[in-house]
Amino acid sequence: MTRLLIRGGRVVEEGSVTAADVLIEGERIVAVGRLDPADAAGAQVLEADGRLVVPGFVDAHSHAEGVVFDPEVQLALLRQGVTTVIGGQDGVSYAPGDGAYGAQYFAAINGPHPTYRGPRVADLLATYDGAAPLNVAYLVPAGTVRHQVLGSTDRPASAEEIARMVELVAQGVADGAVGLSTGLDYTPGLYAGADEIAALCGPLAADGLPYVTHMRGGYEDNSQVGVEEVARIGLDAGVPVHVSHFHTRADEADRLMAWLEHQGVDASFDAYPYTRGCSILGMTLLPPAVNAMDPEEAATLLRDPAERERLRRDWFPGVDAYPSLGPEWPELITIAHTVAPEFASAHGLTLAELAQRRGIDPIDAALDLLAASRLEVNVVMAVRDQRPVEDLGRLIAHPGHLGGSDGIFIGAHPHPRSRGTFATYLATYVREHGFLTWPEAIEHLSTLPAERFHLGQRGHILPGHIADIALVDGDAVRATATYDDPTALAIGIDDVLVAGRPVLSGGRLTGDLPGSGLRAAPGPRSPDARPAAGFRAEPDPLRSGGHDSDGG
C-alpha cells in the first residue's frame, strides 16, 4: 500500500482553514494535522507550500461522459480541481441500450462513447474503471429510457409502457446510478407528462436519490411553471429534486427555492458563473418533430424549399418571441461546433456574420448549416440582458446551489464554461468579491454534491475518506478561457490526487488512471422527501403577487 504525505498545506474543512498535513495510505486519508515525522516515515512527500488542500470538486452537471478518455478533456477538468463528473444529464445519454440514440441525438453535446455498446448502466460504468484519471457518476436519462420503449412517439405512455420504463430505471439504480434526469425541452422528454415522470422516479425513493431536471417551460424569468412541475413530481414520488442550470435572477431563485421548501420539497440546483448558454442549435431553431427525425431525413426536409417557406412563415415568428433571445437571435447565437466541412470556417461566427458572408438571410444560413451538418451543430447563446456579477454571485451563494459547469467539450469554439467554471467560482466569487468564503465554496463544490449524489466518503478532508484532493493556490487560481479563446486552461491548480494517486503534477497529467465509474453509495431515504401525497397548488404566503408576471 502506497503512502503519501501532503506537507505544509492549509486544509479547508469543517468551516475553517487550518494549517495541517494530510497522510494518505492507499486510496484513503488516514491522518490530518501537524504530524510527527515518524508517523509518515517512508511516505512520498508532496509539498503544499501553503496552498489550500481541498476535497476534489464534483461537477454536478457535466457532458463529459463520452470524452473523459481524451487527455485534453482530462487536463481541462483536473486543472480546475474537478475529480468527479456527474453524467447522464438532460435526459439523454448512452445507457440503457446500445448507446446509439444518445450518441446520435446528443452528437454535438456528448459525442459518441468510444467503447460502450450496451446494454446496461453497469456496463457503462465499467468502461470508466481504471480507464480515466477522474471519476464518472451517472444519472439514468429518462429520455433515453423513453426512447427504448416508445421511440420518438409524441403521445402519453400507456400503463404497460410506463411499467417497462420503470423496470429500466430500477435496473439502472440497481447498477449504481445516482439519480434520474429529464430534459423537458428535448425529444422525447418533452412528450412525457408529470405523472409518467413521477412513476419513473419511484425506484429512487428507497435510497433518497434525486430527480434531476432540465425543466419544462423555460428559465430566466419564466421558471415558475417548471418549478411547479418539479414540485409535483418530487412530492408524488417522494424524492429530492435538483434543478439543472437554474439561471434565473437571484431574487426569483430565492423566491422559488423558498416556495419549494414551503411545499415540503427537498430541492437543490446548479448554476454556472456565465450569462451565455450553450446547446444544440436544432433545439432552439427547429420544431421538436424535426429534431426527433433521423438526421438524414431531417437534412433532406430542411433542403426542401416548400418546408423552408413553411418554417419561415409558421415557426420562426415564435423564435423571434423567445424572451431570452428575441428577434436579435442571429446576432446572439455563435457557432461552436459543426461537422460539415463546408462550414469549417464558421466556428466562432454568429449566425448574422455567417449570413452576411454567404450573402443570404439568417434563416437560410441557419437552415443550410443544420442541413449540411445533419443537425450536428452546437452553439453559444448570448442573452439580451447581461447579468451583473452581483446577481450571479447571490445566485451562486444560495445554500441550495451546487457547482456545475454544464460543460460541453464537443466543438472547435466551445463555451468557455467547460474549462473555466470552477476556477471562476474560486477567483471571481470567492477571492475577488467574497460571495462565498473558502469553506463555503468547498461545501458548494465538493461536500454538498458528494452528499446529494451519494458518492460515498468523498467531499471532506477527514480520516477515512477517499483521497480525491486538489491543491489550490488561492491567490493565483483563475480561468483564462474566454468567449474569444474558449479552450485556454485554468491556472492555479497544479496538483490533484484521485483515490490517493497523483493524476496532475506540476500542471501536467501523470498518466495514472485511478478513476472509476462511481456507483451510488447506500443511503437512507432523504429525511425531507415527502411521501406520495400529491401536489398542493393552493396559494401560500411565499408566492408574491408582484412576481406573477415573471412566473408565466
Side-chain angles (χ1 to χ4, degrees), residues 63 89-92 104-110 143 183-190 214-223 226 244-245 247 272 274-293 295 298-299 301-302 307-308 310-340 343 346-355 361-385 406 408 410-411 413-415 417 483 552:
H63 291 283
Q89 301 285 347
D90 298 316
V92 181
Q104 174 180 289
Y105 186 33
F106 266 21
I109 295 181
N110 293 349
L184 303 183
D185 279 333
Y186 299 104
T187 58
L190 62 85
H214 171 138
M215 298 187 304
R216 197 188 319 270
Y219 282 82
E220 306 291 335
D221 289 337
N222 302 286
S223 297
S244 299
H245 40 67
H247 282 270
Y272 49 82
Y274 297 87
T275 57
R276 301 184 192 182
C278 181
S279 191
I280 51 178
L281 181 60
M283 188 193 76
T284 303
L285 294 188
L286 297 177
V290 179
N291 282 305
M293 287 181 173
L301 183 72
L302 294 179
E307 178 62 19
R308 284 182 172 232
R310 187 188 71 80
L311 289 171
R312 183 184 297 275
R313 182 186 67 245
D314 298 337
W315 181 257
F316 275 90
V319 175
D320 289 346
Y322 287 167
S324 60
L325 292 171
E328 300 94 346
W329 60 264
E331 290 80 29
L332 297 177
I333 295 176
T334 298
I335 300 157
H337 168 69
T338 170
V339 292
F343 285 93
H347 292 107
L349 299 180
T350 66
L351 290 175
E353 291 168 336
L354 177 65
D361 79 352
I363 292 177
D364 281 327
L367 295 179
D368 285 349
L369 174 64
L370 286 162
S373 306
R374 299 177 304 282
L375 304 189
E376 189 176 334
V377 183
N378 75 45
V379 293
V380 175
M381 297 171 291
V383 293
R384 288 184 285 183
D385 299 318
D406 201 0
I408 296 172
I410 304 297
H413 196 89
H415 195 299
R417 69 194 186 194
Y483 291 113

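Everything numeric here is computed off the predicted structure, so don't read it as measured data. Any value given below was found using the heavy atoms of this structure, including those in side chains, with hydrogens, waters and symmetry copies removed.
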Which residues pass the ring-ring contact (aromatic ring centres under 6.0 Å, His included) test with Tyr105, sequence neighbours left out? Tyr101

From Asp364 CG over to Leu351 CG, what is the distance, rounded to the nearest 0.5 angstrom? 12.0 Å

Expected output: side-chain [X] to main-chain [Y] donor-acceptor under 3.5 Å:
{"X": "Arg308", "Y": "Leu302", "result": "yes"}
{"X": "His413", "Y": "Tyr483", "result": "yes"}
{"X": "His415", "Y": "Arg276", "result": "yes"}
{"X": "Asp90", "Y": "His214", "result": "no"}
{"X": "Trp329", "Y": "Met381", "result": "no"}
{"X": "Asp406", "Y": "His245", "result": "no"}

Minimum heavy-atom separation for [X] and [Y], please, with both atom names.
{"X": "Leu184", "Y": "Gly189", "answer": "CD2-O, 3.3 Å"}
{"X": "Pro414", "Y": "Val380", "answer": "C-CG2, 4.3 Å"}
{"X": "Ile335", "Y": "Val379", "answer": "CA-CG1, 4.1 Å"}
{"X": "Asn378", "Y": "Cys278", "answer": "OD1-SG, 4.2 Å"}
{"X": "Ala366", "Y": "Leu285", "answer": "CB-CD1, 3.7 Å"}

Are the side chains of [Y] and [X] in contact, using a 4.5 Å heavy-atom criterion?
{"X": "Thr350", "Y": "Glu331", "result": "no"}
{"X": "Ile280", "Y": "Ile109", "result": "yes"}
{"X": "Leu286", "Y": "Leu367", "result": "yes"}
{"X": "Trp315", "Y": "Val290", "result": "no"}
{"X": "Arg312", "Y": "Asp361", "result": "yes"}
{"X": "Leu354", "Y": "Pro330", "result": "no"}
{"X": "Phe106", "Y": "Ile410", "result": "no"}

Would you tabulate the side-chain donor-acceptor contacts of residues 369-377 under 3.5 Å, counting partners in other chains and residues two or more places apart, or write 'none'?
| unit_1 | atom_1 | unit_2 | atom_2 | d |
| --- | --- | --- | --- | --- |
| Ser373 | OG | Thr338 | OG1 | 2.5 |
| Ser373 | OG | Leu369 | O | 2.8 |
| Glu376 | OE2 | His337 | NE2 | 3.0 |

Between the side chains of Tyr274 and Arg417, does any donor sit under 3.5 Å from an acceptor? no

